[in-house]
Amino acid sequence: MEAFRLLSRGGVQFDKGRFKNDVTLFTKGPTKQDKGKGVAQHTGDDLPAELDFFKYAKGGAPKRKAAEGDEEGGASGKKRRLDDEESEASEDEAAEDADDGPPMPRHKVTAKGLNVPPPAEKFEDLKTRYDLSSLILTNLGEYGYTRPTGIQAHGIPILLESRDLAAISPTGTGKTLSYLIPVMAALGAPIASANSQNGTGVRAIILAPTRELAHQIHNECLKLAQGRKWRIVLFSKATAATLADKSVRDKVDIIISTPLRLVMSLQSSKLELNNVRHLILDEADRMLDSEFLPQVEEIVAACSREGLQKAVFSATLPAGVERVAMGMLNNPIRVVVGLKDTPLPLIAQSLTYVADDPSKLPTLLAYLKQPYNPPVLIFTSSQPRATSLAEELVINGIPNVDCLHAGMSKKEREDAVSRMRRGESWVMVSTEVMARGMDFKGIREVINYDFPQSVQSYIHRIGRTGRAGREGKAITYFTDEDAPYLKAIANVLLQSGSPVPEWITKLPKPSKMKRKQMGKVKRAEAVNPARSIGRNEAIKKRDMIAGNKRRKEKGAKAGGVVGGDKRDGAGDEKGSE
DNA sequence: AAAAAAC
């Protein structure tokens with residue numbers, strides 16, 4: 001068993017059957033009743049330890065054991081041991097994930113810049129060196145964060161010394177806490193405490209690309225803030241409205257927001273940022289892409305206070321974007337954990353050839369009708385495709401299917417996230433909205449139903465699994481149309497130790513392939529249905545899927561492309577293969 | 001290179 005685990009991590013001896021076996025061991029416990037045909041069930045005793053992505057649903061992370069083996073017995077104790085062994089091979093058992101373990105080897109960390117402060121190996125070091133408040137330390141312990149991860153050890157001292165920072169660290173390695181801890185420490189007392197140093201108005205801004213991620217960061221922030229009367233605002237239409245009163249917004253300490261929401265408040269003069277001392281960009285490469293950049297620049301310009309500290313964080317930072325980031329930062333330190341643009345080795349990645357779009361659904365259905373490890377997260381390339389795929393899965397009898405994309409209402413999105421947090425979703429079909437930052441620790445498998453549009457997207461998508469030192473599995477479907485970008489993704493697999501069929505590695509240069517691809521037809525807006533039998537009674541179930549109604553409205557507005565006639569239109573793509 | 005997401 002041990003030998004196998006090592007081999008499989010190296011990615012050489014990997015084979016499907018063995019992996020399945022291994023994963024069964026992981027879900028473990030005396031597997032008895034099989035609630036959901038073909039689905040490897042979580043057993044009762046396995047649930048609390050394994051699925052603490054419930055932490056948000058319960059309003060706080062369950063307290064974790066301080067040392068191996070205490071107060072956990074039987075099957076779950078065994079599971080813990082496996083986890084801990086995993087962590088020896090990697091430092092990615094992130095504090096962000098409220099997990100802890102024995103001292104472990106770390107990813108290589110490189111820090112470049114002038115006068116780089118030494119890393120803090122323990123949270124206690126932050127107290128002795130920087131007088132970090134006991135409250136924050138206590139809260140960290142309270143939520144099971146006992147030892148800094150690589151990015152935390154290096155990043156926190158840098159930020160506490162008021163330096164600008166560009167931090168690159170893999171998915172699930174605790175980036176959120178690397179900026180929350182120093183920002184909260186630097187703010188000291190809540191602004192409402194009438195400390196004259198505080199000035200008036202919000203003192204820290206954290207920007208994230210999606211509502212869901214902003215929400216998650218807000219939750220983390222509340223954990224650290226417990227016991228103090230900080231005003232930490234998750235910016236939304238509603239909260240922005242409550243801040244229309246200047247006397248109210250003058251007492252806010254931290255705002256966590258998506259860029260556009262903040263820009264709108266700025267433009268309607270409902271917000272001043274002249275007291276902001278810390279500005280953090282999470283998912284920095286996304287925040288600095290052409291779509292978000294103008295908004296972010298507007299926010300940066302509005303932060304007029306002298307000595308504004310800026311920091312950017314991401315798991316990926318392409319050279320072009322990095323130049324933009326570095327141009328923004330003042331005498332920055334650049335910290336890279338592990339290898340840039342490389343996913344975690346704990347994620348077993350594979351590529352599956354599906355010929356063309358119509359072949360995808362049958363392939364996925366066959367996969368989901370065999371035993372698999374829920375919850376599984378499926379990525380599609382567009383909102384209509386996410387909705388229609390979820391719909392097709394329900395029609396074909398797959399249990400506990402959910403859907404989440406930005407075309408859904410705020411409430412639908414929130415409900416979908418909480419079902420996910422509670423473990424009620426077995427199959428979550430989504431778009432890029434879920435690709436970055438979301439920390440659902442229970443996710444066992446990621447399936448790229450539609451090929452990712454960039455290496456960055458691929459890395460972030462598959463990074464939703466394999467968190468907290470657990471194993472994860474990532475399957476990527478590719479069609480003939482995806483060939484031009486296949487090699488780039490295949491290289492990512494190879495770099496992180498997953499096997500790739502030899503013929504893929506021998507593909508010609510992408511540029512040649514691209515030329516061949518010229519004139520290809522665009523991907524269908526809806527996924528291709530598997531078959532049209534037995535639909536009528538199944539159609540009733542469709543309303544269970546959030547976003548369905550909306551999709552139709554949108555479809556109608558856009559010219560009915562994805563409406564009820566999509567099945568007749570299924571032939572449209574025939575010419576594209 | 002292109003969609004999604006931000007409202």
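Just so it is clear, the structure is predicted and the values come from calculations on it, not from any experiment. Here is how names work: the chains are called A, B, and so on, in the same order as the sequence lines, proteins then strands, and each is numbered from 1.
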Would you mind telling me which of [options] lies closest to the side-chain atoms of [X]?
X: A:T258; options: B:dA6, B:dA1, B:dA4; answer: B:dA6
X: A:R413; options: B:dA3, B:dA5, B:dA1; answer: B:dA5
X: A:R286; options: B:dC7, B:dA4, B:dA6; answer: B:dA4

Whole angstrom is fine here: how far is it from [atom1] in [X] over to [atom2] in [N]?
X: A:Y485; N: B:dA2; atom1: OH; atom2: P; value: 7 Å
X: A:R436; N: B:dA3; atom1: CZ; atom2: P; value: 17 Å
X: A:D285; N: B:dA4; atom1: CG; atom2: P; value: 18 Å
X: A:Q456; N: B:dA2; atom1: CD; atom2: P; value: 16 Å
X: A:E298; N: B:dC7; atom1: CD; atom2: C1'; value: 14 Å
X: A:D289; N: B:dA5; atom1: CG; atom2: P; value: 13 Å
X: A:H405; N: B:dA5; atom1: NE2; atom2: P; value: 8 Å
X: A:I255; N: B:dA6; atom1: CD1; atom2: P; value: 18 Å

message = Taking side-chain hydrogen bond (donor to acceptor under 3.5 Å, both in side chains) as the definition, give me every residue that meets it alongside A:T363, ordered by chain and number, with sequence neighbours left out.
response =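 Here no residue qualifies.
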key: With A:S247 via side-chain hydrogen bond (donor to acceptor under 3.5 Å, both in side chains) - residues at least two apart   = A:D245
query = Reckon A:T431 has a side-chain N or O less than 4.0 Å from the OP1 or OP2 of B:dA5?
reply = yes
message = Measuring to OP1 and OP2 of B:dC7, would you say a side-chain N or O of A:R211 lies under 4.0 angstrom away?
response =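 Checking B:dC7 against A:R211, a side-chain N or O does come within under 4.0 Å of OP1 or OP2.
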inquiry  = Using only modelled atom types and a 3.5 angstrom limit, is any donor from either the side chain of A:Q383 or the base of B:dA4 paired with an acceptor on the other?
reply    = no
Could I get the full list of salt bridge (charged side-chain N to carboxylate O under 4.0 Å, His left out) partners for [X], not counting sequence neighbours?
X: A:K410; value: A:E414
X: A:R277; value: none
X: A:D289; value: A:R286

Within residues 312-325 of chain A: residues closer than 4.0 Å to DNA chain B (heavy atoms) = none
SB check A:K411 A:D415 (cutoff 4.0 Å) =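 Yes, this pair counts.
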task = Please check if any side-chain donor atom of A:S314 sits under 3.5 Å from a side-chain acceptor atom of A:D285, or the reverse.
result =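 Note: A:S314 and A:D285 side chains meet the donor-acceptor criterion.
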inquiry  = Base, sugar-phosphate or nothing for A:P209? Non-hydrogen atoms, less than 4.0 Å.
reply    = sugar-phosphate
